[in-house]
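Some notes on the structure that comes next.
Quick note on labels: first sequence line is chain A, next is B, and so on, each numbered from 1. The structure displayed is predicted, hence computed values, not measured ones.
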Amino acid sequence: MSAVPIDSVLPELARLLGDAGRAVLVAQPGAGKTTRVPLALLDSPWLDGKKIVMLEPRRLAARSAARYMAAGLGEEVGRTVGYRMKQDTRVGPATRIEVITEGVLTRMLQSDPALEQVGLIIFDEFHERSLHADLGLALCLQACELFRDDLRLLVMSATLDAAAVADILGGAPVVESPGRVYPVETHYLPRKPEGRMEDMAARAVLRALAEQAGDVLVFLPGMKEIRRVASLLAGQATVPDVQVLQLHGSMPQDAQDRAIQASVPGTRKVVLATSIAETSLTIEGTKVVIDSGWMRVPRFSPQTGMSRLDTVRVSAASADQRRGRAGRLGPGVCYRLWTQQEQAYLEPHGTPEIEEADLAPLALELAVWGTADPSELRWLDEPPAGAYRQARELLELFGALDGQGAITPHGARMAEIGLHPRLAQMSLRSVPLGLAATACDLAALLNERDLFRQSFTGSSAADLRLRLEALGRADAGAHSVDAAALKRVRLEAENGRRALGATGKRTDSEACGLLLALAFPDRIAQGRGDGRFLLSNGRGAVFSESQTLSGAAYLVAAELDDAGTDSRIMLAAPVDAAQLEAALPGLIEEEALVEWDSTAQTVRARHRRRLGAIVLSDKPQQRPDPDRLAAALLGAVESEGTGMLPWTNTARKLQQRVVFMHRFDSGWPDWSDEALVATLDEWLKPHLYGMRSRNDVQKLNVASVLEAALSWERRRRLDDQAPTHIVVPSGTRVPVDYADPAAPALAVRLQELFGMTETPKIAGGRVPITMHLLSPAQRPVQVTRDLSSFWKDAYFEVKKDLKGRYPKHYWPDDPLTAAPTHRAKPRV
DNA sequence: CTCTCCCT
């Protein structure tokens with residue numbers, strides 16, 4: 001092996017790891033760290049003959065690193081150097097370096113938390129900050145603390161914020177290595193970019209082809225943009241011998257391979273790629289990179305339990321990584337479709353996956369680890385609380401966690417299966433239904449890349465049953481199926497069947513919907529009849545392209561893009577409601593609802609069967625509970641207020657008199673409107689039995705209902721202390737007005753009061769009545785609470801005035817002895 | 001008017 005830049009720092013790295021037990025190695029791509037570091041550390045005395053485990057974020061990278069190192073030792077993979085990943089492991093008894101994919105570490109730790117055979121764990125490409133790497137590091141740090149203070153950790157990264165990692169490693173030393181990348185000349189757009197990204201990209205391609213030699217790699221956010229740029233370029237008379245190729249993850253393997261291969265000598269290629277070409281795939285011969293500056297990222301929403309794709313600006317780190325793809329073979333050129341000013345505002349790093357991902361897998365692993373609260377572990381970024389809570393709720397719904405949040409035996413089995421908890425749930429629960437074989441097929445289908453090529457469109461493109469059927473067909477390699485994907489799905493399905501003891505069983509594609517309901521109980525959808533659906537999680541959903549399934553009464557959506565009001569359904573299968581109920585009775589909630597229907601202004605008693613937000617059936621109850629009917633009607637009065645009752649004058653007056661009494665004696669009940677609403681249960685409820693509607697309530701006699709709430713003794717005292725009328729000297733029974741409970745009033749013509757020396761008092765003599773003295777024509781003349789001083793003073797002023805206006809009336813000089821009258825003059 | 005990438 002020829003010398004690489006990393007070699008200069010290896011002795012120091014070995015020494016630091018020996019002393020401190022932890023280290024961070026920052027090295028640019030091309031420094032050779034992945035293949036050089038494990039071999040160089042293998043004979044370190046502190047390793048004590050134990051193994052080195054190195055994590056790679058991708059299977060391809062893990063295999064090729066192992067192969068490269070084995071070749072350097074002149075050995076086969078599986079001797080000193082091996083690799084380990086799901087469905088593919090090459091490790092022998094002599095293996096001392098195991099290159100593993102990130103998820104494997106979690107499984108290793110869960111089965112042997114002390115990792116007895118391992119002396120050093122290396123996290124490669126840690127700057128990618130995958131969920132698995134973050135989790136793996138957190139678990140390792142605790143394993144070190146609890147069981148293995150001699151387990152050494154090395155974190156390797158290209159563009160990392162080394163200080164933060166060094167910090168959670170407990171102040172680990174940082175070693176930096178020079179890189180070996182060729183210079184890449186960077187061109188920014190001169191001013192504020194105008195027009196569509198696709199137009200700019202196409203123009204940049206033409207410019208690059210004219211100005212530069214070699215192949216061109218263009219980074220675009222997604223398939224849509226790639227196709228648009230491709231068609232723009234196709235419309236141009238491009239330079240001869242230039243081939244335009246597309247590259248994204250959902251393309252079949254053979255098409256991806258064609259894009260990656262070096263161009264035929266004498267020709268040039270332009271590869272239009274997603275971020276797949278940033279780290280995962282290397283395109284041979286790239287001399288020029290054109291970067292749109294945008295990427296698509298998934299964002300999980302804990303509110304809906306679904307993900308959405310967002311188009312966002314790349315981080316400065318990503319942009320540098322993309323640019324570096326032009327400098328692998330020699331000096332290169334990079335065109336950035338943004339300005340130098342905008343460059344200053346790019347985020348330094350992308351968002352770590354843990355911040356925006358579905359945390360159900362992580363929550364399950366932590367529960368198996370025995371950790372309920374993630375803050376018990378050390379994280380670079382702690383799992384967000386909302387997503388973590390949603391994840392735990394899902395696991396509890398599945399029976400993976402018990403009431404205390406601890407892992408159940410079922411949850412432990414789910415984790416062992418090594419699938420997303422939803423798919424693990426489907427696999428395990430399918431066994432008693434006799435559907436394990438189909439469940440394994442389905443889990444494999446959903447876990448792997450889509451079996452069907454992108455070109456497979458039409459009215460059944462979103463139907464999962466077709467994929468299940470294709471999986472079982474001998475000649476499935478036909479037109480629309482991606483052969484490489486089919487092979488992987490079949491392998492995974494077969495392994496699943498073996499694990500569940502369902503080998504050789506037939507696939508039942510009609511059970512598809514039912515099985516999906518096990519995994520996605522929150523995504524069962526009820527057709528609304530117009531092609532739109534209501535999901536059991538309460539959201540709307542629709543197929544982006546009209547499908548045969550658009551008319552289904554019920555279906556289960558396995559894949560959705562959570563966009564706006566109606567999520568887009570990508571993959572689904574129909575389900576029969578009766579079958580669903582029979583097989584999964586636990587999903588259905590039965591409700592006896594007694595509710596006020598404010599439109600019809602009546603209480604409705606219904607028997608409803610619900611599946612989340614979906615109403616399966618809704619019928620009137622045969623014999624509703626009278627107590628609940630009365631309570632519901634009472635609730636309506638409570639929310640609408642006492643104004644809903646048919647108040648009469650008599651009732652209001654009775655209310656006012658009691659309010660007046662309560663003011664002076666708190667032993668009396670409070671009958672203010674608010675207090676009446678608050679105590680409806682006591683005084684109104686007994687009268688509501690047998691009633692259901694507003695109309696029924698209108699038949700109530702509020703006065704007698706209120707009166708019934710008073711004891712006989714209180715009624716007697718009310719008449720005595722808050723009389724309805726007072727008889728004045730003229731003999732007229734004048735009603736007392738209690739509208740103002742602080743000042744009950746009597747409005748009466750002055751002449752009827754001749755001879756009344758004192759203001760009448762009520763409430764057992766405590767409250768003088770406010771006298772509204774009126775003219776013969778019932779006009780207000782004077783208000784007083786002290787009649788005797790009125791007669792002495794003010795009367796004489798008033799009399800003069802009244803005499804002028806009502807000369808025919810009787811205005812005596814001595815009102816205290818004069819005869820009262822309700823006519824002009826007293827009868828003689 | 002259509003979905004980024006990866007893994008147990």
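We find that CG of A:Leu55 is positioned 12 Å from C1' of B:dT8, with the value rounded to whole Å. What separates CZ of A:Arg107 from P of B:dT8 is a distance of 11 Å, to the nearest Å. A straight line from CZ of A:Arg308 to P of B:dC5 spans 18 Å, rounded to a whole angstrom. Put simply, CD on A:Glu225 is 12 Å from P on B:dT2, counting in whole angstrom units. In this structure, the CD1 atom of A:Ile226 is 8 Å from the P atom of B:dC5, given to the nearest Å. The CG-C1' distance, from A:Leu419 to B:dC6, rounds to 15 Å in whole Å. Here B:dC6 presents its P atom at 21 Å from CG of A:Leu362, a figure rounded to the nearest Å. Atoms CZ (A:Arg422) and P (B:dT8) sit 21 Å apart, rounded to a whole Å.
Side chain to side chain, A:Ser130 and A:Glu102 meet the donor-acceptor criterion of an N or O pair below 3.5 Å. If you check the side chains of A:Gln142 and A:Trp369, you find a donor sitting under 3.5 Å from an acceptor. In this structure, a donor-acceptor pair under 3.5 Å is absent between the side chains of A:Gln87 and A:Glu492. With 3.5 Å as the limit, one finds no donor-acceptor pair spanning the side chains of A:His132 and A:Glu353.
Of the candidate nucleotides B:dT4, B:dT8, B:dC3, B:dT8 has the atom lying nearest to any side-chain atom of A:Val104. Nearest nucleotide to the side chain of A:Arg568, out of B:dT8, B:dT4, B:dC3: B:dC3.
Heavy atoms of A:Met85 sit under 4.0 angstrom from primed sugar atoms or phosphate atoms, though from no base atom. Note on A:His420: a base of the nucleic acid sits closer than 4.0 angstrom, heavy atoms only. Within 4.0 Å (heavy atoms only), A:Leu309 reaches at least one base atom of the nucleic acid. A:Gly103 comes within 4.0 angstrom of the backbone, heavy atoms only, and of no base. Among the protein residues, A:Asp310 comes within range of no part of the nucleic acid, since none of its heavy atoms lies under 4.0 Å from any strand. Residue contacts for A:Leu105: at a heavy-atom cut-off of 4.0 Å it reaches no nucleic acid atom on any strand shown. Contact annotation for A:Pro57: backbone-only contact, meaning every heavy-atom pair under 4.0 Å involves sugar-phosphate atoms and none involves a base. Residue A:Arg227 is in base contact, counting any heavy-atom pair closer than 4.0 Å across all strands shown. Residue-level contact check: A:Met223 touches the backbone only, with heavy atoms under 4.0 Å from sugar-phosphate atoms and none from bases.
Projected onto DNA chain B by closest heavy-atom contact, A:Ile417 and A:His248 fall at different nucleotides, the more 5' of which corresponds to A:His248.
Note on A:Thr101: a side-chain N or O is less than 4.0 Å away from OP1 or OP2 of B:dT8. The phosphate of B:dC5 (OP1 or OP2) has no side-chain N or O of A:Arg449 nearer than 4.0 angstrom. Put simply, A:Thr274 has a side-chain N or O that comes within less than 4.0 Å of OP1 or OP2 on B:dC5. For A:Arg58 and B:dC5, the shortest distance from a side-chain N or O to OP1 or OP2 is not below 4.0 Å.
Between A:Ala541 and A:Asp566, the shortest heavy-atom distance links the atoms N-OD1, 3.6 Å.
Electrostatic pairing of A:Arg58 and A:Glu125 does not count as a salt bridge here, judged by no charged N lying under 4.0 Å from a carboxylate O.
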